[in-house]
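Naming: A, B, ... by sequence-line order, numbering from 1 per chain. Side chains are part of it too, since the values below use all heavy atoms of this structure and drop only hydrogens, waters and symmetry mates.
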Protein chains: 2
Amino acid sequence: MNIGEAASASGVSAKMIRYYEETGLIPPVGRTASGYRTYGPRDVQLLRFIRRARDLGFPMDRVAELLALWRDRDRASADVKRLAAAQVAALETRIREMEEMKATLQHLVHACAGDNRPDCPILADLGGVKA
Amino acid sequence: MNIGEAASASGVSAKMIRYYEETGLIPPVGRTASGYRTYGPRDVQLLRFIRRARDLGFPMDRVAELLALWRDRDRASADVKRLAAAQVAALETRIREMEEMKATLQHLVHACAGDNRPDCPILADLGGVKA
DNA sequence: TATGGGGCTTCCCATGATGGGAAGGTCAAG
DNA sequence: CTTGACCTTCCCATCATGGGAAGCCCCATA
């Protein structure tokens with residue numbers, strides 16, 4: 001299977017597959033005599049693993065750790081669980097931050113008449129007026 | 001006031017102040033005879049405006065739009081309100097996405113024993129097993 | 001007045017994950 | 001054998017931010 005097929009089968013773009021290989025996240029695959037990369041089902045599974053982990057918000061370095069655990073048949077599931085729980089916590093933190101932003105903005109939006117007049121508590125707030 | 005003072009007074013790093021000037025987000029400020037940038041209270045207020053908008057999650061291009069409205073004394077508050085409401089919606093979308101990730105992960109974390117054994121539904125899921 | 005330290009200037013580089021695109025080789029179908 | 005789709009590598013751009021070097025400037029203190 002060529003890289004294009006592997007890309008559509010895994011949901012990872014050909015560009016990114018090469019990038020992952022270049023940065024060592026995934027091992028180099030075999031090549032044909034003319035230099036084409038060749039992929040098997042196992043490689044596609046690996047790429048899908050990465051894709052799924054990215055979709056769950058894991059940063060690249062955490063993905064690398066997850067991959068290492070995936071490959072280690074003697075891993076302790078506790079290690080995996082710890083990584084996943086940390087990611088849950090990270091998501092919670094970012095969600096909380098964004099909820100705060102949203103609440104502040106909603107408050108301002110609510111206070112703004114939204115008509116043709118220039119008076120605007122949103123701009124007043126941004127401008128530092130302690131309304 | 002030099003750039004360092006303006007930076008600590010506004011919460012925007014000197015690096016970023018120069019960057020904002022270079023990219024045209026803010027107008028060039030005056031210089032001393034020896035080339036030092038000089039800032040006044042009005043400039044600091046402008047920088048704080050940007051900082052605050054960034055803190056509320058507005059991307060740079062939206063900040064530029066907000067700044068344009070801020071400077072336009074004939075703006076309609078409706079325009080400002082629309083930008084703010086769009087930002088609320090953008091935050092909501094991202095929050096929803098992250099909530100989804102979090103829910104999926106929590107489910108997996110919950111299903112994982114987290115002991116010394118290697119069996120792990122988290123890795124199984126990432127690996128594509130339709131558990 | 002000389003000196004030293006800290007602040008300022010510009011310029012270049014790096015990030016991280018991704019895409020765009022060019023130049024050139026390869027493969028398969030017609 | 002041609003054509004078009006695919007592959008290769010290489011370079012560039014993103015976006016907001018920081019790091020750091022080389023060199024100039026300013027002020028306080030000895």
In this structure, how many angstroms lie between the [atom2] atom of [N] and the [atom1] atom of [X], rounded?
| X | N | atom1 | atom2 | value |
| --- | --- | --- | --- | --- |
| B:M16 | C:dT15 | CE | C1' | 14 Å |
| A:R54 | C:dG19 | CZ | P | 11 Å |
| B:E5 | C:dG6 | CD | P | 17 Å |
| A:K15 | C:dG19 | NZ | P | 9 Å |
| B:R18 | C:dT10 | CZ | P | 7 Å |

Are side-chain heavy atoms of [X] and [Y] found at a separation under 4.5 Å?
| X | Y | result |
| --- | --- | --- |
| A:I50 | A:M16 | no |
| B:I17 | B:E21 | no |
| A:Q106 | B:E92 | yes |

query = Does B:D79 pair with B:R82 as a salt bridge, N-O distance under 4.0 Å?
reply = yes
remark   = Nt span of DNA chain D in reach of chain A heavy atoms at under 4.0 Å, 5' end first, is D:dC6 to D:dC10
task = Look at B:R37 and C:dT10 and indicate whether a side-chain polar atom (N or O) is within less than 4.0 Å of OP1 or OP2.
result = yes
ask   = Taking only side-chain nitrogens and oxygens of A:S13, does any of them come within less than 4.0 Å of OP1 or OP2 of C:dT18?
value = no
task = Ignoring hydrogens and angles, tell me if any N or O in the side chain of A:Q87 forms a donor-acceptor pair with the backbone of B:L105 under 3.5 Å.
result = no
remark   = Separation between CZ (A:R96) and OG1 (A:T93), nearest 0.5 Å, reads 4.5 Å
ask   = B:R31 side chain: which of C:dT10, C:dA17, C:dC8 is closest?
value = C:dT10
request  = Could you go through the side-chain contact (heavy atoms from CB on, under 4.5 Å) check for B:T104 and B:M101 one step at a time?
outcome  = CA-CA 5 Å; B:T104 303; B:M101 296 181 194; 5.9 Å; no
request  = Please determine, by modelled atom types, if A:R48 and A:Q45 share a side-chain donor-acceptor pair under 3.5 angstrom.
outcome  = no
request  = Decide side-chain contact (heavy atoms from CB on, under 4.5 Å) for B:R37 and B:R18; before the verdict, give the C-alpha distance in whole Å, the side-chain angles of both, and the deciding distance to 0.1 Å.
outcome  = CA-CA 9 Å; B:R37 288 174 181 82; B:R18 294 193 197 98; 3.6 Å; yes
Pairs: protein N or O with nucleotides 27-30 of chain C N or O, under 3.5 Å:
residue: C:dC27; atom: OP1; partner: A:S34; partner atom: OG; Å: 2.8

